[in-house]
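Right, one structure below, let's go through it.
Chain letters run A, B, ... following the sequence lines, proteins first and then strands; every chain starts at 1.
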2 protein chains.
Amino acid sequence: MDHHHGCESGGDGAHAELEALVAKVPLFAGLTHEQISEIASRVRPRVVPRNQQLYGAGDINPYLRIIHTGTVKVYRITESGHEQVIRVLGSGDFLGEKAVISPSASDHFAVTLDESEICSLDHEDMRSYLLRYPSVAFTMLETLSARLGTTEEQVSAMTGEDAAGRVAAYLVGLADEYHRSSFLLPISKKDVASYLGLTPETLSRRLAAFEDNGWIHLHGSRRVDLLDIEALRLV
Amino acid sequence: MDHHHGCESGGDGAHAELEALVAKVPLFAGLTHEQISEIASRVRPRVVPRNQQLYGAGDINPYLRIIHTGTVKVYRITESGHEQVIRVLGSGDFLGEKAVISPSASDHFAVTLDESEICSLDHEDMRSYLLRYPSVAFTMLETLSARLGTTEEQVSAMTGEDAAGRVAAYLVGLADEYHRSSFLLPISKKDVASYLGLTPETLSRRLAAFEDNGWIHLHGSRRVDLLDIEALRLV
DNA sequence: CGCCGCGTTGAACTCTCTCAACGTGTGTGG
DNA sequence: CCACACACGTTGAGAGAGTTCAACGCGGCG
């Protein structure tokens, strides 16, 4: 009983372990034990090292991937060669749903930022779950709908807010998400800049200005303390 | 058989008409005749005059709306009072799905641009169809996934392309959609500017520059002829 | 027929990007 | 374990693109 890749050492033990993992995935919340078990039997768990590309533009990527631990960055390269970070995924999130829903070559890239545990599901299997288990489809609708809302807000922010406004909103958003006013940036400042549609230089200047105003405090290259959230909310 | 406005005047005739209407909606493609009939019996058709607001930010909007004819503009007002056009809907499109999927106050506005025939579905009913008819949920997933892709591209375009590039891409996109190099803008130039994240002044200047280059020809306030699509594709 | 909003044009301003140089830290290989 | 290298991050100065403000012509809806 020892298989090669990572996770699944033992027979029943590993399977039970895998079921527990699958049961924790929000996408599969609300399924019965049997249904979870069925899915777990077809899932391929894997430990992916840091900085590994999961797929790139042009790839036909046949898997829905679910992140158990770690972080994944999804980005796109524009025609002008400019890198645009689309979103950052963490525990419980999934990616690759587009390939499941409407198979076609991917137009973006996905890379791990930390060592990550990721489960892969063949898209034929996933399709069958979507059609057989309405709650899975419904949860996926919830997720896509929420993601669409976020992306639409991003569009508004790009044109409606200036650099300072976007940076401030981003920091306040992180504080809300973590329920803390001191936190580590989930991605490098370079990537934050890309996500906000700014150059690294501009981001650096805005952060420096916020610090001069006494609104934030920067520590090391990732830690941020928000000292005056109200001031930041007012842009 | 003369009904006032398509709606619910007569008995069977009107119902059969309504079924034919529902059967044409992409969202309900693939359903059996009985299922279509069930949905048709719960649908509320309505003719909406031009420039009528369907719902606004803050409203709790309990309907999924399906557009049979006409055009609807969906937009958002940013904190700074800036209007941002999110998308423009036409025949076969639906809106209000967010209220169905995760009920909450709307954060955007929807207005008719032409007189439009629009069917409303109570969100409890729609929820039940989503859970009972997997193909409906799947089609909705397809739609949301495609819309998400479009919106993500919009984000990239906002930061990766300059004004000329966005205007050119928009014009070429319309030509592709209509399969014609001469067409009418679906919305006012003011709204086009908002959609592209520009001021009306900048849009006007870019269009004038394209016309000077002999790439396009403007006629009246809405008609556009593309004279050199290749030049436009190269930005 | 009149009016309001759309669209256009002009000129000045401001914000961000670009280019460049320098400091830092992180990961790697000797 | 240390040294080096490369990518990240910061700071400065300059240029360019889009916005803003203002005025005016035009057209469509009431």
* Asked: Would you find more than 12 non-hydrogen atoms of other residues, nucleotides or ligands less than 6.0 Å from B/Arg180 atom CZ?
  -> no
* Asked: Would you call the rings of B/Trp215 and B/Phe210 parallel, tilted or perpendicular if under 30° counts as parallel and over 60° as perpendicular?
  -> tilted
* **Distance in angstrom units between A/Leu203 CG and D/dT10 P, rounded** => 7 Å
* **Nearest-angstrom distance from the residue atom CG of B/Asn51 to P of C/dC4** => 17 Å
* **Distance-only polar pair, side chains of B/Asn61 and B/Ser106, donor-acceptor under 3.5 Å** => no
* Asked: Under 4.5 Å between any side-chain heavy atoms of A/Glu161 and B/Glu79, yes or no?
  -> yes
* Asked: Would you call B/Lys98 and A/Glu152 a salt bridge, using N to O less than 4.0 angstrom?
  -> no
* To do: Measure from CG on A/Leu207 to P on C/dT16 and round the result to the nearest Å.
  => 13 Å
* To do: Indicate yes or no: at least one non-hydrogen side-chain atom of B/Arg206 is less than 4.5 angstrom from one of B/Thr202.
  => yes
* Which whole-number value in Å describes the distance from B/Ile187 CD1 to C/dC6 C1'? -> 14 Å
* To do: Would you mind reading off the distance between B/Arg222 atom CZ and C/dG7 atom C1', rounded to a whole angstrom?
  => 12 Å
* If you measure only the distance, is there a donor-acceptor pair under 3.5 Å linking the side chains of B/Gln84 and B/Thr78? -> no
* Structure fact -> For nucleotides 11-18 of chain D, 5' to 3', base contacts (B), sugar-phosphate-only contacts (S) and non-contacts (-) with protein non-hydrogen atoms under 4.0 Å give BBB----S
* Structure fact -> A/His82 atom NE2 is separated from C/dT16 atom C1', nearest whole Å, by 13 Å
* **D/dG9 OP1/OP2 closer than 4.0 Å to side-chain N/O of A/Lys189** => no
* Side-chain donor-acceptor pair present, A/Arg46, A/Ser120, cut-off under 3.5 Å -> no
* Asked: Between D/dT10 atom P and A/Asp212 atom CG, what is the distance in whole Å?
  -> 13 Å
* Asked: So, A/Glu83 and A/Lys73, do they make that salt bridge, N to O below 4.0 Å?
  -> yes
Listing time: all N or O pairs from protein to nucleotides 25-28 of chain D that are below 3.5 Å?
none

